[in-house]
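These values consider heavy atoms only, across backbone and side chains, with no hydrogens, waters or symmetry-generated copies.
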Amino acid sequence: MALRPVMVNIKALDASAVGRFWAEALGWSAYSPGVTTYVGPAGGLVWPDPVVLGIDVVPVPEPRTTTKNRVHLDLATTSAAHQAETVARLQGLGAMPVDVGQGEVPWTVLADPEGNEFCVLEPREIYRDTGPIAAVVVDCADPRAMARFWGEALDWTLHEVSDDHAVLRSAKGVGPYLEFLRTPDVKTVPDRVHLDLLPYAGDDRAAEVARLRALGATDLDLGQGDVPWTCLADPEGHEFCVLARP
């Protein structure tokens with residue numbers, strides 16, 4: 001049994017505007033099948049997508065705090081010129097340069113119109129085939145422990161693990177990477193960005209949730225009420241949801 005990530009969930013005051021930003025940023029389309037705005041490849045809504053991690057922007061009444069998100073996206077580029085063009089284009093769409101203490105680095109740190117940080121990476125060979133989203137990056141205290149939990153939770157393959165960094169990717173070798181980066185700061189507020197997971201066809205969601213609890217996940221009450229998904233937190237408190245199959 002295993003789960004797979006199917007989308008990145010972003011909370012926003014104006015879900016439509018943030019959804020439009022990410023659609024234009026990634027060259028995808030924004031779809032509004034309900035109260036949320038889903039961003040996925042152009043050509044019609046396909047969910048769950050067999051390869052990409054979509055973005056689901058969810059309207060919430062609470063504004064984002066000034067605390068840096070502990071989950072962010074890294075965007076891939078193919079050349080130095082492409083990186084510069086991408087940064088300029090995103091700023092034209094409303095992205096803002098931000099300083100998160102990165103210092104002199106070859107990537108550019110920006111934030112979407114509601115302040116959610118993301119990085120536009122310099123070209124790296126490892127991300128040549130990921131699509132526009134190179135990686136979902138999670139700040140944590142112990143990448144090895146996160147790799148153990150998430151490696152058991154997902155059907156993804158562990159590519160690298162050290163005291164400072166852990167990397168997983170779909171066993172099919174497609175789509176973005178999931179990376180855990182050791183940082184000195186600690187989690188103090190609910191994540192504005194999190195992963196949504198989905199069981200495979202034929203798997204029992206309740207059994208999957210029970211398996212995650214046995215691995216160290218804890219139940220989470222965010223005021224969600226009676227909903228068809230289950231909110232959990234990983235061993236370091238990062239929120240995620242296990243969705244019901246459509």
Check: Do Glu236 side-chain atoms and Ala141 backbone N/O form a donor-acceptor pair below 3.5 Å?
Finding: yes

Notebook entry, point to check: Any side-chain heavy-atom pair from Pro132 and Leu75 closer than 4.5 angstrom?
Noted result: no

Check: For Pro5 and Leu197, which heavy atoms make the closest approach, and how far apart are they?
Finding: CA-CD2, 3.7 Å

Check: Hey, are the side chains of Leu45 and Pro33 touching, using non-hydrogen atoms and a 4.5 Å cut-off?
Finding: yes

Next item on the list: Please answer: with hydrophobic residues joined when any side-chain heavy atoms are less than 4.5 Å apart, are Val137 and Val52 in the same cluster?
Entry: no

Next item on the list: On the 0 to 90° scale, with breaks at 30° and 60°, tag the Phe21-Phe118 ring pair as parallel, tilted or perpendicular.
Entry: tilted

Margin query: Tell me if a side-chain donor or acceptor on Asp112 pairs with a main-chain N or O of Gly115 at a distance below 3.5 Å.
Written below: yes

Check: So, the side chain of Glu24 versus the backbone of Leu93: is there a donor-acceptor pair under 3.5 Å, distance only?
Finding: no

Note to self: Between Arg124 and Ala76 (side chain of the first, backbone of the second, donor and acceptor by atom type, cut-off under 3.5 Å), is there such a pair?
What the structure shows: no

Note to self: Could you measure the distance from the NE2 atom of His194 to the CG atom of Asn69? Nearest 0.5 Å is fine.
What the structure shows: 12.0 Å

Note to self: Grouping I, L, V, M, F, W and Y whenever their side-chain heavy atoms are under 4.5 Å apart, do Leu215 and Leu154 come out in a common cluster?
What the structure shows: yes

Next item on the list: Before giving the answer on side chain to side chain contact (heavy atoms under 4.5 Å, CB included), spell out for Arg64 and Lys11 the whole-Å C-alpha distance, their side-chain angles and the decisive distance to 0.1 Å.
Entry: CA-CA 8 Å; Arg64 183 183 180 276; Lys11 296 180 176 67; over 6 Å; no

Note to self: Please find the pair of heavy atoms, one from Asp14 and one from Ala17, that lie closest to each other, and give the distance.
What the structure shows: OD1-N, 3.1 Å

Check: Can Val18 be reached from Val8 by stepping across I, L, V, M, F, W or Y side chains whose heavy atoms are under 4.5 Å apart?
Finding: yes

Next item on the list: For the residue pair Asp204 and Pro199, establish whether any side-chain heavy-atom pair is separated by less than 4.5 Å.
Entry: no

Check: Is the centre of the His165 ring less than 6.0 Å from the centre of the Phe180 ring?
Finding: no

Notebook entry, point to check: Just by distance, do the side chain of Glu152 and the backbone of Leu212 share a donor-acceptor pair under 3.5 Å?
Noted result: no

Check: Side chains of Asp185 and Thr183: donor-acceptor distance under 3.5 Å anywhere?
Finding: yes

Notebook entry, point to check: Is a side-chain donor or acceptor of Arg70 paired with a backbone partner of Asp139 at a separation under 3.5 angstrom?
Noted result: yes

Next item on the list: Could you walk me through whether Trp28 and Tyr38 pass ring-ring contact (aromatic ring centres under 6.0 Å, His included), step by step?
Entry: CA-CA 10 Å; Trp28 289 354; Tyr38 179 77; 8.4 Å; no

Next item on the list: Please name the pair of heavy atoms, one in Ala80 and one in Pro123, separated by the smallest distance, quoted to 0.1 Å.
Entry: N-CG, 3.9 Å

Check: Can you name the closest pair of heavy atoms from Val6 and Pro48 and give their distance?
Finding: CG1-CB, 3.8 Å

Check: Between Leu110 and Leu26, is there a shared hydrophobic cluster once you connect ILVMFWY residues whose side-chain heavy atoms come closer than 4.5 Å?
Finding: yes

Margin query: For Arg213 and Thr218, which I'm curious about, is there any donor-acceptor pair between the side chains at under 3.5 Å?
Written below: no

Note to self: Testing the basics here: between Tyr127 and Ala134, what is the closest heavy-atom pair and its distance to 0.1 Å?
What the structure shows: CG-CB, 3.6 Å

Margin query: Any non-hydrogen side-chain atom of Glu117 less than 4.5 Å from a side-chain atom of Val98?
Written below: yes

Next item on the list: Give a yes or no on whether the backbone of His159 and the side-chain of Arg169 come within a donor-acceptor separation of less than 3.5 Å.
Entry: no

Checklist line | Approximate separation, where rounding is to 0.5 Å, of Arg4 CZ and Asp196 CG | finding: 12.5 Å

Check: Does Glu160 reach the side chain of Leu168, with side-chain heavy atoms less than 4.5 Å apart?
Finding: no

Check: Any side-chain heavy atom of His238 sitting closer than 4.5 Å to one from Cys140?
Finding: yes

Checklist line | Residues Glu114, Ile10; criterion side chain to side chain contact (heavy atoms under 4.5 Å, CB included); working and verdict | finding: CA-CA 10 Å; Glu114 291 202 6; Ile10 300 177; over 6 Å; no

Note to self: Please report whether the ring centroid of Phe240 lies less than 6.0 Å from that of Trp150.
What the structure shows: yes

Note to self: Between Arg205 and Glu208, is the salt bridge (charged side-chain N to carboxylate O under 4.0 Å, His left out) condition met? List the steps.
What the structure shows: CA-CA 5 Å; Arg205 187 172 67 88; Glu208 284 295 317; over 6 Å; no

Notebook entry, point to check: Do Arg144 and Asp163 sit within salt-bridge range, that is, some charged N less than 4.0 Å from a carboxylate O?
Noted result: yes

Item checked: Polar side-chain atom of Ser32 near backbone of Gly34 as donor-acceptor pair, under 3.5 Å -> no

Note to self: Under 3.5 Å, is there a donor on one side chain and an acceptor on the other for Asp56 and Asn9?
What the structure shows: no

Checklist line | Check: Tyr177/Asp74 side-chain N/O donor and acceptor closer than 3.5 Å | finding: no

Notebook entry, point to check: Leu121 and Leu73: same hydrophobic cluster, using ILVMFWY side-chain contacts below 4.5 Å?
Noted result: no

Note to self: A side-chain contact here means heavy atoms from C-beta on lying under 4.5 Å apart; do Val120 and Thr77 qualify?
What the structure shows: yes

Item checked: Whether Gln102 side chain and Val100 backbone form a donor-acceptor pair below 3.5 Å -> yes

Notebook entry, point to check: Do Glu125 and Arg128 meet the salt-bridge criterion of a basic N to acidic O distance under 4.0 Å?
Noted result: yes

Margin query: Before you tell me yes or no, could you show the steps for Leu178 and Leu195 under side chain to side chain contact (heavy atoms under 4.5 Å, CB included), namely the whole-Å CA-CA distance, both residues' side-chain angles and the distance that decides it to 0.1 Å?
Written below: CA-CA 10 Å; Leu178 176 61; Leu195 285 172; 3.9 Å; yes

Checklist line | Min side-chain heavy-atom separation Trp47-Leu198 under 4.5 Å | finding: yes

Notebook entry, point to check: Got a donor-acceptor contact below 3.5 angstrom from the Glu239 side chain to the Asp191 backbone?
Noted result: yes

Next item on the list: Could you check Arg192 against Asn116 for side chain to side chain contact (heavy atoms under 4.5 Å, CB included), going step by step and ending with a plain yes or no?
Entry: CA-CA 8 Å; Arg192 200 75 172 174; Asn116 300 298; 3.5 Å; yes

Next item on the list: For residues Val71 and Val136, report the shortest heavy-atom separation together with the two atoms involved.
Entry: CG1-CG1, 3.8 Å

